[in-house]
Asks: 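Before I ask anything, here is the structure I am working with.
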2 protein chains.
Amino acid sequence: MATSEKKKEAFRATLTTVLERRLFFIPSFKIYGGVKGLYDFGPPGCAIKQNITRFWREHFVLEEAMLEVECPAVTPEVVLQASGHVERFTDFMVTDMKTGECYRADHLLEAALEALLDDPKSTLSEEERKEVADTLASVEELDCEALGATMTKYGVKAPDTKNDISAPFPFNLMFKTSIGPKGDMVGYLRPETAQNIFVNFRDLLYYNGGKLPFAAAQIGQSFRNEISPRAGLLRVREFTQAEIEHFLNPSDKNHPKFSNIKDLTAPLFSRELQKSEEKAPKEMSFGDAVAQKMIANETLAYFMARTFLFMQNIGIDTSRLRFRQHLEHEMAHYAEDCWDCELHSSYGWVECVGLADRSAFDLRAHSAKSKTDLVAHEKFSEPRMEEVLEVKPNRKELGVKFKTAMKAIVEQLAAMCEEDSMAVKAKFDAGETASITADGSEYELTASMVEIKRTMKKVSGRTFTPSVIEPSFGIGRIIYCLLEHAFYSREGEGNEARTVFRFKPLVAPVKATVFSLMQRDELNDAARALSAALTAARIANIVDTGSTTVGKRYARTDEIGVPFAVTVDFATLQDGTVTLRERDSMVQVRLPSDEVPEVIGGLVREATSWEQVVERYPEQAAAGEGS
Amino acid sequence: MATSEKKKEAFRATLTTVLERRLFFIPSFKIYGGVKGLYDFGPPGCAIKQNITRFWREHFVLEEAMLEVECPAVTPEVVLQASGHVERFTDFMVTDMKTGECYRADHLLEAALEALLDDPKSTLSEEERKEVADTLASVEELDCEALGATMTKYGVKAPDTKNDISAPFPFNLMFKTSIGPKGDMVGYLRPETAQNIFVNFRDLLYYNGGKLPFAAAQIGQSFRNEISPRAGLLRVREFTQAEIEHFLNPSDKNHPKFSNIKDLTAPLFSRELQKSEEKAPKEMSFGDAVAQKMIANETLAYFMARTFLFMQNIGIDTSRLRFRQHLEHEMAHYAEDCWDCELHSSYGWVECVGLADRSAFDLRAHSAKSKTDLVAHEKFSEPRMEEVLEVKPNRKELGVKFKTAMKAIVEQLAAMCEEDSMAVKAKFDAGETASITADGSEYELTASMVEIKRTMKKVSGRTFTPSVIEPSFGIGRIIYCLLEHAFYSREGEGNEARTVFRFKPLVAPVKATVFSLMQRDELNDAARALSAALTAARIANIVDTGSTTVGKRYARTDEIGVPFAVTVDFATLQDGTVTLRERDSMVQVRLPSDEVPEVIGGLVREATSWEQVVERYPEQAAAGEGS
């Protein structure tokens, strides 16, 4: 293992110890041995999550006047058939031929290839090494058969037992259940929150007065029955998504507020840059990226920029953020453009937000399956002359020839798409008859029975299926990366390392700790009174009247990232002033106790900065940090 | 049907129309025909829910410094075996013998008995009527067999087909699934959020510094596969619970903040009052109720009082609230006391919050199943002399007699409960031998091998299983009752009825609507600028620049309960003032546009009252309400 890898693992081990000891996360059902891929948020983790989702609502839902919905996770099969999840939401799995243990095929192959490259006793030729490396880079592109062939070629075995493994086969990642008492209605736990919005499109459009564009949003749990969860908190079986579906007219993907963000820059790792020699993202403004057609349209770029600002606001280290464009093979055939907002962590780059222009795929799929129009109407500012294809049945002749079938034939003619109509016209033009199928029977039509022609027509509007731009946030992954970005060590008492989370006040699980300098009733009472005043101002706080040194108590509060500490001492009892200490600078000021709630409230709301506080109040020598 | 019933149904029909039209709720997966018992919160419903859960966190979690957690809904079987849900979380079901349709047995029986009583051509004698009425009142008390016998006696048939029905049998209400790829790990969707807290008790106690009492809380989805969901939003298959588990020392159930609420009064419907002649609750202070032992202890009463205040704060009509104590047959055998906070609706009284003293049942159950100590330690303020039973094995004699089995026998003797030890002692005292089982074998002991005696010992503390007080909120039911309590009609244009929700600003889905008086660019721009200023102050608002009359636009915003409306008119362009109108009084004042965000912000935070606003700013004649 390279030194940098070892450093990363040491960092992660230190972090994980703190996260588990201070209950940021707990393996779920721990007293029963736990369940892989399921975690609980303990008190500080839960508070951070609340703070982040609340800010997400303000930053996205409130700011863009989005229509937020909240829908069940239990989903009937038909919805996920329409979306394609029943058929295609799979990973390839292999099983140990003797024990039946299950593995993700791609993970096994990757591990085997990495081991081959890392083997110090390797006898591979340069050419062979290159082939292995190329295969490793493209594992995600292999289909089931190719994956199996490659695994056979490299003799991949079950990792724990070295037994033979089965050929890979697709395993559906949805949790299955049954709805109702009869056992005849298959249901699944939703694998994403997006589908609830698509199926409600018609009602939401109506709620919005029939006007486009508009966005709907949902924050909620999604479920994926991962074959073999690993990478700790990054790949779990139940997680919180925050998804936005921004519906718009496919002929106008500009965004009215684009000018607000066009000069903002971010590291963009386009498809071309990924294939280039340097393989490095380029810092670029969103305005330029759209002008150069690197990002497909203004609306997609607008949400990328807003995502960047979101990350910055919650305290992500933006030097460890990049937007990576999907390569061709990663994108669904219908998608117009996709970018992932990736955050860097000790596991490497982690996809935390997917931003995709999904065109009209989802609405069309649900429209077809449910036989419901999921469309919008556009009224042109003035009527236009447009060439249209007119299909005019000769009802009289059709009636004479086909009797009661006439009605079905006329309906079928009206329903034909342009391509089919043109094919019929081509037959007639060639002097042939054309056969059409109506109501299950076939009919031969002659040219005199239908007139098909292109004609100019005055049209005042049109009906169309909207496109959708989808920013999809994995809240748990963002939180995990934030924890990594915020974590650091500094020297504490007797030179022992002391760990700190540099959470922004907005995100910090607890905003202030109130200390009493010593274990005395009058000091403890004063501390509790100040805590009550903070609570009344809706500021999350804890009181620590413990008997250890101030230094140790600071360490305890730093360890969960409390940004401010207030200490009540004997002077407080005389003049009502207290000490306020900021976590990262460790600077302390002296201020009247009754001004504390307002000052901390302002800092948390980001209405005031710590620098302003330091200017306003006298600084106090930082006693006690190392004692 | 009685007139009052008809009125209730008419009220509900009007309400439901508004709720569905304005997307407070939408039947889930509507375009696919929906799924019974699953509903979506549309934009206003979702916003109300957010506001209520946010306030719940402030009122309970923040105020009491509770430890909030967030855990998965997917739960392994063992957890729900321990809690008893796998065995006992059932309703009795009957099926139509020909069609297989499923029904809840108790519902069918109740409907049949009600029909019998309501039948105008009834030939029942007075005595028979009384018997039917008594049976009806006690349906919930019947076990499976008695329910079947009663249904047979009254000849209950399938309601739709009149076919014969099966005998009732228990149907488990949990949604079942499978965790992981192997298919060998049964899981369920949690039927309540409480179990996640119990299984984390040990870690949470540690987080709290080993100190009792403390409370943990969780807000999240729970799932119940109802046999035949009815009563609209009140009985659904997926719903949000907010549960608190307050752990405390069973020997001290007083609450430090009890004095804050002891004089608060509420309608208490005790077990005795339910059995009394009047069958009516009594308005009583919580202090008196505890003093009279009507409510079992201070902590339970404290949470009842806080629940009352919660309901009052979110705008529940407290004249339609009561606390009903569980009757003996409703309470689990281990429960010390249970009260439901019931809200009155057009469906009758609805259980919205359950408040129970569950003693040590849950922790003991998980402790036994997981073989993990779920206990707390109490250090006495000073050591006490206590009589203890001492069991002192004579190792030498036991070793000589039983050789290597000695160790197992000694361990077994140490592990015996007091009752078993006393039984052994009784045998010895009677000159007999006593047999004990250790490691699967039986051994005969004589008096000389073990000394068993009561002795006084200095003890400095004790280990015990904490009791738990559980307030459990059904958020969806509370919201539904709130919608009923807030809904009213008043005359609008041309005397047509206009519906209004009198939501408190805290709860209202949208806090302000900004109107432009007429469709003019400069007015619309001013309206949008004001909306942006409100958004910047984090106040949810909508802009309505529609071209209908002001009266119609007020009606539209009243209909979703927006408390404040701001109108921008031509004077605004001159002097920067706007009109601010309060929804229920319809009083309007004139104030500078740039003061609007602060004024509305204060009203929403309840820092200012509308009366104060009316005093501060000049009133304006209410033009346009009826035009």
Side-chain angles (χ1 to χ4, degrees), chain A residues 22-23 26 28-32 35-36 38 40-43 46-47 49-50 57-58 62-63 65 67-76 78-79 93 100 102 171 175-182 189 196 199-200 202-204 207 221 223 225 227-228 237-238 366 370 372 535 538 540 542, chain B residues 22-23 26 28-32 35-36 38 40-43 46-47 49-50 57-58 62-63 65 67-76 78-79 93 100 102 171 175-182 189 196 199-200 202-204 207 221 223 225 227-228 237-238 366 370 372 535 538 540 542:
Chain A
R22 300 308 302 267
L23 298 201
I26 317 165
S28 301
F29 317 112
K30 203 166 105 178
I31 62 172
Y32 290 103
V35 176
K36 263 196 197 171
L38 294 180
D40 296 349
F41 288 91
C46 188
K49 182 166 177 239
Q50 285 311 317
R57 281 199 171 89
E58 285 174 5
L62 180 65
E63 183 64 34
L67 308 183
E68 190 179 348
V69 299
E70 195 183 302
C71 311
V74 172
T75 307
V78 63
V79 173
M93 178 157 110
C102 305
F171 172 77
F175 284 99
K176 198 171 184 173
T177 190
S178 170
I179 306 174
K182 291 175 74 176
L189 299 186
N196 294 118
V199 301
N200 278 326
R202 203 173 47 162
D203 279 342
L204 292 170
Y207 187 84
Q221 298 302 92
F223 302 81
N225 193 14
I227 292 170
S228 168
R237 285 175 166 157
E238 181 170 341
H366 284 296
S370 67
T372 309
T535 301
R538 298 175 183 179
I542 44 180
Chain B
R22 301 308 302 268
L23 299 202
I26 318 165
S28 301
F29 316 111
K30 204 166 105 179
I31 61 171
Y32 291 103
V35 176
K36 263 195 197 171
L38 293 181
D40 296 349
F41 288 91
C46 187
K49 183 168 177 239
Q50 285 311 317
R57 281 200 171 89
E58 285 173 4
L62 180 65
E63 183 64 35
L67 308 183
E68 189 179 350
V69 299
E70 196 184 301
C71 311
V74 172
T75 307
V78 64
V79 173
M93 178 157 109
C102 304
F171 172 77
F175 285 98
K176 198 171 186 173
T177 190
S178 172
I179 306 173
K182 290 177 75 176
L189 299 186
N196 296 117
V199 300
N200 279 326
R202 204 174 46 163
D203 280 341
L204 292 170
Y207 188 83
Q221 297 302 92
F223 302 80
N225 193 14
I227 292 169
S228 167
R237 286 176 165 156
E238 181 171 341
H366 284 295
S370 67
T372 309
T535 301
R538 298 176 184 179
I542 43 179

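Letters go in sequence order (proteins before strands), and every chain restarts at 1.
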Asks: Are A/Arg237 and B/Val74 close enough, and set up right, to give a side chain to side chain contact (heavy atoms under 4.5 Å, CB included), and what steps lead you there?
Replies: CA-CA 9 Å; A/Arg237 285 175 166 157; B/Val74 172; over 6 Å; no
Asks: Counting only non-hydrogen atoms closer than 4.5 Å, does A/Glu68 touch chain B with its backbone (N, CA, C, O), its side chain (CB onward), both, or neither?
Replies: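 For A/Glu68, backbone and side chain are both near chain B.
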Asks: Can you tell me how far apart CD (B/Glu58) and OG1 (A/Thr535) are? Round to the nearest 0.5 Å.
Replies: 11.0 Å
Asks: I'd like to verify something: which residue of B/Phe175, B/Phe223, B/Phe29 has the highest number of heavy-atom pairs under 4.5 Å with chain A?
Replies: B/Phe29
Asks: Is it the backbone or the side chain of B/Thr75 that comes under 4.5 Å from a heavy atom of chain A, or both, or neither?
Replies: both
Asks: B/Leu62 versus chain A, heavy atoms under 4.5 Å apart: side chain, backbone, both or neither?
Replies: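 Contact with chain A: backbone and side chain both.
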Asks: Could you tell me whether a side-chain N or O of B/Thr177 sits under 3.5 Å from a main-chain N or O of A/Lys176, the two making a donor and an acceptor?
Replies: yes
Asks: Are any side-chain N or O atoms of A/Ser370 and backbone N or O atoms of B/Tyr32, one a donor and one an acceptor, separated by less than 3.5 Å?
Replies: no
Asks: Side chain, backbone, both or neither: which part of B/Thr372 has a heavy atom under 4.5 Å from chain A?
Replies: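 The side chain, not the backbone.
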Asks: Heavy-atom pairs under 4.5 Å with chain A are the metric here; pick the option from B/Cys71, B/Ala73, B/Pro181, B/Cys46 that has the most.
Replies: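 Of B/Cys71, B/Ala73, B/Pro181, B/Cys46, B/Pro181 has the most heavy-atom pairs under 4.5 Å with chain A.
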Asks: Relative to chain A, which segment of B/Lys49 carries a heavy atom at a distance below 4.5 Å: side chain, backbone, both, or neither?
Replies: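 Contact with chain A involves the side chain of B/Lys49 alone.
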Asks: Check each atom of B/Phe171 against the heavy atoms of chain A and say whether the ones under 4.5 Å are side chain, backbone, both or neither.
Replies: side chain
Asks: When rounded to the nearest 0.5 angstrom, what is the spacing between CG in A/Asn200 and NE2 in A/His366?
Replies: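 Interatomic distance, A/Asn200 CG to A/His366 NE2, rounded to 0.5 Å: 10.5 Å.
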Asks: Shorter than 4.5 Å, heavy atoms on both sides: which option in B/Asn196, B/Val35, B/Leu189, B/Asn225 has the most such pairs with chain A?
Replies: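 Greatest number of close heavy-atom pairs with chain A: B/Asn225.
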Asks: Based on non-hydrogen pairs under 4.5 Å, which of A/Gln50, A/Lys30, A/Gln221 is most in contact with chain B?
Replies: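 Among A/Gln50, A/Lys30, A/Gln221, the one with the most close pairs to chain B is A/Gln50.
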Asks: Mind ranking B/Pro72, B/Ser178, B/Cys102 by heavy-atom pairs under 4.5 Å with chain A and telling me who comes out on top?
Replies: B/Pro72
Asks: Measure distances from B/Glu70 to the heavy atoms of chain A and classify the residue's part below 4.5 Å as side chain, backbone, both or neither.
Replies: both
Asks: Quick one, B/Val69 and B/Leu204 - any side-chain contact, counting heavy atoms below 4.5 Å?
Replies: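 Counting from C-beta outward, B/Val69 and B/Leu204 do come under 4.5 Å.
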Asks: Under 4.5 Å, counting heavy-atom pairs only, tell me which of A/Ile26, A/Ile542, A/Ile31 racks up the most with chain B.
Replies: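 Of A/Ile26, A/Ile542, A/Ile31, A/Ile31 has the most heavy-atom pairs under 4.5 Å with chain B.
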Asks: Counting heavy-atom pairs under 4.5 Å with chain B, which one of A/Gly42, A/Ala65, A/Pro76, A/Gly100 comes out on top?
Replies: A/Pro76
Asks: Would you say A/Ile179 and B/Lys36 make side-chain contact, with heavy atoms under 4.5 Å?
Replies: no
Asks: Tell me, side chain or backbone of B/Glu63 under 4.5 Å from chain A's heavy atoms, or both, or neither?
Replies: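 Looking at B/Glu63, backbone and side chain both touch chain A.
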